[in-house]
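To start, the structure itself, in structure tokens.
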Amino acid sequence: MEYQPREIERKWQEFWKKNNIYRVKEDSSKPKYYVLDMFPYPSGAGLHVGHPLGYIASDIFSRYKRLCGFNVLHPMGYDAFGLPAEQYAIQTGVHPAVSTAENVKRYREQLDKLGFSFDWEREVNTSDPNYYKWTQQIFLWLFEHYYDKTANKAKPLSELTKKFEEGGSEAAQAAHSFEGSFSAEEWKGFSDKEKDEVLMSYRLAYRKVGFVNWCEELGTVLANDEVKDGRSERGGYPVIQKPMRQWALRISAYAQRMLDDLETVDFSEALKIQQRNWIGRSEGAQVFFKVENLDTSIEIFTTRPDTIFGATFMVLGPEHELVAQLTTDAQKAAVNDYLSYVESRTERDRMTDVKTVSGAFTGAYAIHPFTNTRIPIWISEYVLAGYGTGAIMAVPSDDERDNRFAKYFNLPIVAVVDQSEYPNAEMGDKVGKMINSDFLNGLEVKDAIKSILTEIELRQIGSKRINFRLRDANFSRQRYWGEPFPVKYDNTGVSHTETALPLSLPALDNFQPTKEGNSPLDRKREWVLTKDQMTRETDTMPGFAGSSWYFLRYMDPQNNAEPFSQDAVKYWQDVDLYVGGAEHAVGHLMYSRFWHKFLYDLGKVPSAEPYKKLINQGMIQGVIENIFMLKERKNGKLTFVSADRIEDYGGEDNFSEIPVYIGFVSNYGSPDSYLDSEGMEQLRNWRNEYKEAEFVTNENGRLVTHSEVGKMGKRYHNVVNPDDVVAQYGADCFRMYEMFLGPLEDSKPWNENGISGVSKFLRRFWSLYYDQNGNWIVDDTAPNSKELKALHHTIKSVNEGLETFSFNTCVSDFMKAVNELKELDCHKKSILESLVILIAPFAPFIAEELWSALGHKESILVSSTYPKHNEAFLVSDSIEYPICINGKKRAEIELPADMSQEEVKEKALSVEEIKKWLDGAEIKKVILVPKKMINIVI
RNA sequence: GCCCGGGUGGUGAAACUGGUAGACACGCAGGACUUAAAAUCCUGUAGACUGAAAGGUCUGUACGGGUUCGAUUCCCGUCCCGGGUACCA
């Protein structure tokens, strides 16, 4: 038989389907292993060659684990809610559900060709009412819980109201955004509406008025991570700050736990650091500064309470609530001018120039709590309303920004930390001795912090405090294509929950958001106004809602009574291996960890963390192949010049670079990429205006192109479709080649320069079983030691490669193995049987085919066990040691493998050549590197 | 700016906890088979020097230094590239 990948692949695809090879059931007789991919958003463009990288890796690992005896859950689904489908609907009128379904179908077809071992019966689609029913349910749970800081977990709201009834707001140690306080009696006297408002600011899913990123062009509010440089990530439209009533999730309540539990998971250190930075814990103090002549005080947060004697002025964020009250009549004009200046600046301006100093004096003074001196109160945009308390004590001697501000506005600077003993210390470093600081004088910074904290608490002007950068997640989108909130409001504005779930998205014709920025759902009045005289919430949930818990639904995808059963989650527990792109390092990963912890608090999942181990696969980039075109036409004709000849035509400045379809280019992606005469002909036919074009080639008749690495995209004419590669080389080859390309976690440009090597390898592998004429040449004779050694070396290194996710080296190991067995002319069944199992996770199709040719009736996945190496076969009879003197090789000696270290040493010293070299010199020590070398130090 | 990665042949890349750098593959060169091409197979392939040859010597992992018998690996400094982040008090 000849190796024909296409036929083999079709055959086994059918076999797997018919025999349900990939269906997985809970099975308590086997240990479980859960391998998860980040599920894709099914975009209209389909998969390109970069998408499957992670899926291939996770599939290899799943198959490997299955062959090792694990019951492996390896599902796939679609993150199907999102903006692109809705934008498409606005443009074309095609309902998002329709276009999404089409895209899903396309994705499925593409995925199927690659031979993945997904259990498609567990497919999940976040836009399916049977799925988002449970997203809505989890939202309601969040809505009906608050965070108890004493128990350090979420608790039902009923417990909170009980506490309010007993002791008012003081009785509850809870995470909240309520301002003010009330007694038990006051609570009891509150109206329903007042109670609703109070409770709202305690809920884990709550509504608040806040400044949000408003994008006029998209007509929607964006999450912080959807905004890049003050512009929308999608489309690049300007984003401004606008107050709006929004749903939010109280993720901040979980900040400390999210930070602590990072220690328990196996993520890359880089990713953990990213998450830690995002959470941004800082320890410091909250201190109150009384305002002169006013019955109010300003609350500040500082990480350097020790420098308080250097506080010579205060700065409030422009949006701080006290600004209006503090501003004196004399300063009113100046302050208002400044406020309008701040308002005129977009988020983008504020971010791009952080060096410009600006601000205004309010005219008010605060009283320094220790020195009782008057210190002026300023406002400036360098103080952010959203962080800490939105106000600072400025210590210009020890903070760079305060220093800049003080110098610019001529405010006094008092040095309080003497850093002369630390020549390398910079301003703000926590080292030095306190000066000009009353009772702190002479103390080291560290001790001064402790000392001042005690004093602050003693005088009751503040307290120790831990602050987090992590802010509550905005959970509202004014969009159609998302989960509707199961919430409605009565005519007093009190919120009520919708208990009949799912609350489905109604049909709609016009997907355009309304002018006021409301969701298109707002147009559907008969849906908005309910039978019980209430008004529905028209916002929908953001994309991260459905993706925050999908991995749990895979465990029990058809459950109609609950999101997932306790039996299922007790068996599958959590995700053992999660594979996905690093671009989700903060967004998705944070939100899903938070949801998981919440579900953990509710006792619905058994583990505090959802993902035990995470691997970030790199991106596969595109190669952009440019050709140089003269800007000026010559004799009315376009002229393309070979990249190595553009100097003859006045250099780069005279040319435009045009990205061309990579299919025309020979050796695309390599340094010597060029168009040959055929390529130039194809280029002529590519576009009408190129028909008459002139080509200036180099001496080899080639038009050298200029390649760069960039995104894969339509505009660069460099999208490589996996279907095409599979059609040409087969799925096994494609899978192995993507792994062979380099380390999984590295980003790398796609090129097909080496794919012929993998293709050749597969045919060579096949030729161990069949000769050129297609005759079966496997024999039953016993293998010799050389053959066994070759096999066991491969088993060892492939197993190691799999465990460490260096799949690229595994592919090399296979190539080496085949080369060796070819050399040995080995066609022995016992060797080849092991080899075919070994390769099965990587190239499942060829493995199945050869496995059945070896006489097995069932799939290799169910009728084989992954080979483990036998140490005995790896030990050589004799070992060749290089003998070195002071690290330099002087001789070689061949010794039996089972010799003791002492004997090896003795033998080495007795070698004639070495004796000559030593020539009576004193031997300091002899270093034996087992099985590697002998080094004599003199 | 700050925080993470990373810099190895013509190319993609290997190298276990410091132990013979460049495995494996692409490309290239030469050869075999062929009327020819494709396919396949064989040989060579870091650089320099040396030898009739087998071979030998030296230099080489961005750059400069250090620790060590021995450094791609550890330490210090410099340069460059990629990613993240942004006035976080």
Side-chain angles (χ1 to χ4, degrees), chain A residues 229 268-274 276-278 280-282 284 300-304 307 315 317 350-357 380-384 386-395 398-402 404-405 428 467-471 582-583 585-586 616 618-619 667 669-672 709 737 740-743 745-749 751-758 760-761 763-764 767 772 797 800 804 806 808-819 822 880-889 892 923-938:
Chain A
D229 300 328
S268 72
E269 202 48 41
L271 195 134
K272 285 188 184 180
I273 287 166
Q274 258 188 73
R276 283 192 201 112
N277 289 343
W278 194 258
R281 183 185 199 268
S282 55
I300 61 107
F301 174 74
T302 177
T303 53
R304 294 296 303 274
T307 63
V315 187
R350 272 178 95 152
M351 283 183 188
T352 40
D353 86 285
V354 295
K355 286 272 165 339
T356 314
V357 178
S380 173
E381 61 176 357
Y382 85 86
V383 175
L384 308 172
Y387 182 77
T389 60
I392 60 157
M393 66 172 196
V395 183
D398 266 274
D399 182 282
E400 232 175 280
R401 294 152 303 168
D402 297 347
R404 230 163 36 214
F405 195 83
N467 209 15
F468 292 95
R469 196 182 88 106
L470 183 69
R471 287 182 237 174
E583 65 273 20
V586 278
N616 287 125
M619 282 229 292
N667 290 337
S670 79
D672 57 334
V709 172
Y737 182 60
F740 182 69
L741 226 38
E745 315 206 39
D746 288 6
S747 286
K748 53 237 156 189
N751 67 71
E752 281 169 37
N753 295 340
I755 198 165
S756 63
V758 177
K760 195 154 68 179
F761 155 75
R763 271 170 293 168
R764 279 167 67 87
S767 74
Q772 294 117 306
S797 47
E800 278 169 4
T804 56
S806 7
N808 53 330
T809 59
C810 291
V811 178
S812 295
D813 290 332
F814 290 129
M815 292 178 173
K816 247 184 269 187
V818 168
N819 287 348
K822 276 284 220 187
E880 222 171 68
Y881 288 97
I883 310 177
C884 305
I885 294 175
N886 282 349
K888 281 205 171 176
K889 187 173 155 188
E892 237 169 70
I923 298 169
K924 286 192 183 135
K925 57 181 164 177
V926 179
I927 300 159
L928 288 164
V929 183
K931 292 182 200 171
K932 286 260 163 111
M933 65 183 291
I934 303 157
N935 190 23
I936 300 160
V937 182
I938 54 172

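Below, chain A is the first sequence line, B the second, and so on; all start at residue 1.
When Watson-Crick and G-U wobble pairs are counted only if both distances are under 3.5 Å, B:C26 pairs with B:G10. Under the Watson-Crick or G-U wobble criterion, with both distances below 3.5 Å, B:A15 has no partner in any strand shown. Using the Watson-Crick or G-U wobble rule with both distances under 3.5 Å, B:A37 pairs with nothing in any strand shown. For B:A89, there is no paired nucleotide, since no Watson-Crick or G-U wobble pair has both relevant distances below 3.5 Å. Here B:U59 sits opposite B:A46 as a Watson-Crick or G-U wobble pair (both hydrogen-bonding atom distances under 3.5 Å). Nucleotide B:G70 is matched to nothing when pairs are restricted to Watson-Crick or G-U wobble geometry with both distances under 3.5 angstrom. Base pairing of B:G5 is made with B:C81, judged by Watson-Crick or G-U wobble geometry with both donor-acceptor distances under 3.5 Å.
More than 12 heavy atoms of other shown residues, nucleotides or ligands fall within 6.0 angstrom of atom NZ in A:Lys822. Open room surrounds CD on A:Glu400; 12 or fewer heavy atoms of other groups in view lie less than 6.0 Å from it. Other residues, nucleotides and ligands contribute over 12 non-hydrogen atoms within 6.0 Å of the CD atom of A:Glu269.
The 5' end of RNA chain B is approached more closely, in terms of each residue's nearest nucleotide, by A:Gly742 than by the other of A:Gly390 and A:Gly742.
A glycosidic torsion no more than 90° from 0 defines the syn conformation, and B:G9 adopts it.
Comparing atom distances between the A:Ala270 side chain and each of B:U20, B:C4, B:A89 picks out B:C4 as nearest. Distance from the side chain of A:Pro743 is smallest for B:A14 among the nucleotides B:G19, B:A14, B:C24. Comparing atom distances between the A:Lys889 side chain and each of B:U20, B:C87, B:A23 picks out B:U20 as nearest. Among the nucleotides B:C26, B:A86, B:C24, the one closest to any side-chain atom of A:Trp278 is B:A86. The side chain of A:Lys932 sits closest to B:G19 out of B:C87, B:A89, B:G19.
Atom NZ of residue A:Lys760 and atom CD1 of residue A:Ile755 lie 13.5 Å apart, to the nearest 0.5 angstrom. Going from atom CD1 of A:Ile938 over to atom CD1 of A:Ile923 covers 8.5 Å, rounded to the nearest 0.5 Å. From A:Ile927, atom CD1 reaches atom NZ of A:Lys932 across 15.0 Å, with rounding to the nearest 0.5 Å. For the atom pair CE (A:Met815) and CZ (A:Phe740), the distance works out to 4.5 Å, reported to the nearest 0.5 Å. Atom CG of A:Asp402 is separated from atom CE of A:Met393 by 9.0 Å, given to the nearest 0.5 angstrom.
The two residues A:Asn616 and A:Ser268 make their nearest non-hydrogen contact at OD1-OG, 4.5 Å.
The CZ atom of A:Arg469 sits 12 Å away from the C1' atom of B:C87 (whole-angstrom rounding). For the pair A:Met933 CE and B:G18 P, the computed distance is 15 Å after rounding to whole Å. Going from atom CE of A:Met815 over to atom P of B:G12 covers 17 Å, rounded to whole Å.
For the OP1/OP2 pair of B:A89 and a distance below 4.0 Å, the side-chain nitrogens and oxygens of A:Tyr387 include at least one atom meeting the criterion. Side-chain N/O atoms of A:Asn808 include one lying less than 4.0 angstrom from OP1 or OP2 on B:A14. Regarding contacts with the backbone of B:U40, a side-chain N or O of A:Arg763 is found under 4.0 angstrom from either OP1 or OP2. Considering only side-chain N and O atoms, A:Ser282 lies under 4.0 angstrom from the phosphate OP1 or OP2 of B:A89. A close approach under 4.0 Å does occur between a side-chain nitrogen or oxygen of A:Asn819 and OP1 or OP2 of B:A25. Close to B:C88, at under 4.0 Å from its OP1 or OP2, lies a side-chain N or O of A:Arg401.
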Sub-3.5 Å pairs of nitrogen or oxygen atoms, protein against nucleotides 69-75 of chain B:
from: B:C69; atom 1: O2'; to: A:Asn886; atom 2: O; distance (Å): 2.8
from: B:C69; atom 1: O2; to: A:Asn935; atom 2: ND2; distance (Å): 2.0

Are there any protein N/O atoms within less than 3.5 Å of an N/O atom in nucleotides 41-44 of chain B, and if so, which ones and at what distance?
from: B:C41; atom 1: OP1; to: A:Arg764; atom 2: NH1; distance (Å): 2.8

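One side chain, A:Asp813 or A:Ser797, offers a donor N or O that lies under 3.5 Å from an acceptor on the other.
Spacing of P atoms, B:U61 relative to B:U73, comes out at 9 Å, to the nearest Å. Straight-line distance between the P atoms of B:G19 and B:A25: roughly 24 Å, to the nearest whole Å. Rounded to the nearest Å, the gap between the C1' atom of B:U8 and that of B:A14 is 10 Å. Rounded to whole Å, the separation between the P atoms of B:U78 and B:A29 comes to 45 Å. Comparing the P positions of B:G22 and B:C16 gives an interatomic distance of 13 Å, to the nearest angstrom. Taking the C1' atoms as reference points, B:U67 lies 22 Å from B:A15, given to the whole Å. For the P atoms, the distance linking B:A23 with B:G12 amounts to 15 Å, nearest Å. Taking atom P on both B:G5 and B:A54, the two are 47 Å apart, rounded to the nearest angstrom.
Residue A:Ser756 is in sugar-phosphate contact alone, with no base atom involved, counting any heavy-atom pair closer than 4.0 Å across all strands shown. Looking at heavy-atom distances under 4.0 Å, A:Ile273 makes contact with sugar-phosphate atoms alone, never a base. Within the nucleic acid shown, A:Phe814 has no heavy atom closer than 4.0 Å to any nucleic acid atom.
Ring-plane geometry between A:Tyr387 and A:Phe301 is classed as perpendicular, the angle between the planes exceeding 60 degrees on a 0 to 90 degree scale with a lower cut at 30.
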What's the verdict on side chain to side chain donor-acceptor pair (under 3.5 Å) for A:Arg469 and A:Asn277, showing C-alpha distance, side-chain angles and the deciding distance?
-> CA-CA 8 Å; A:Arg469 196 182 88 106; A:Asn277 289 343; over 6 Å; no
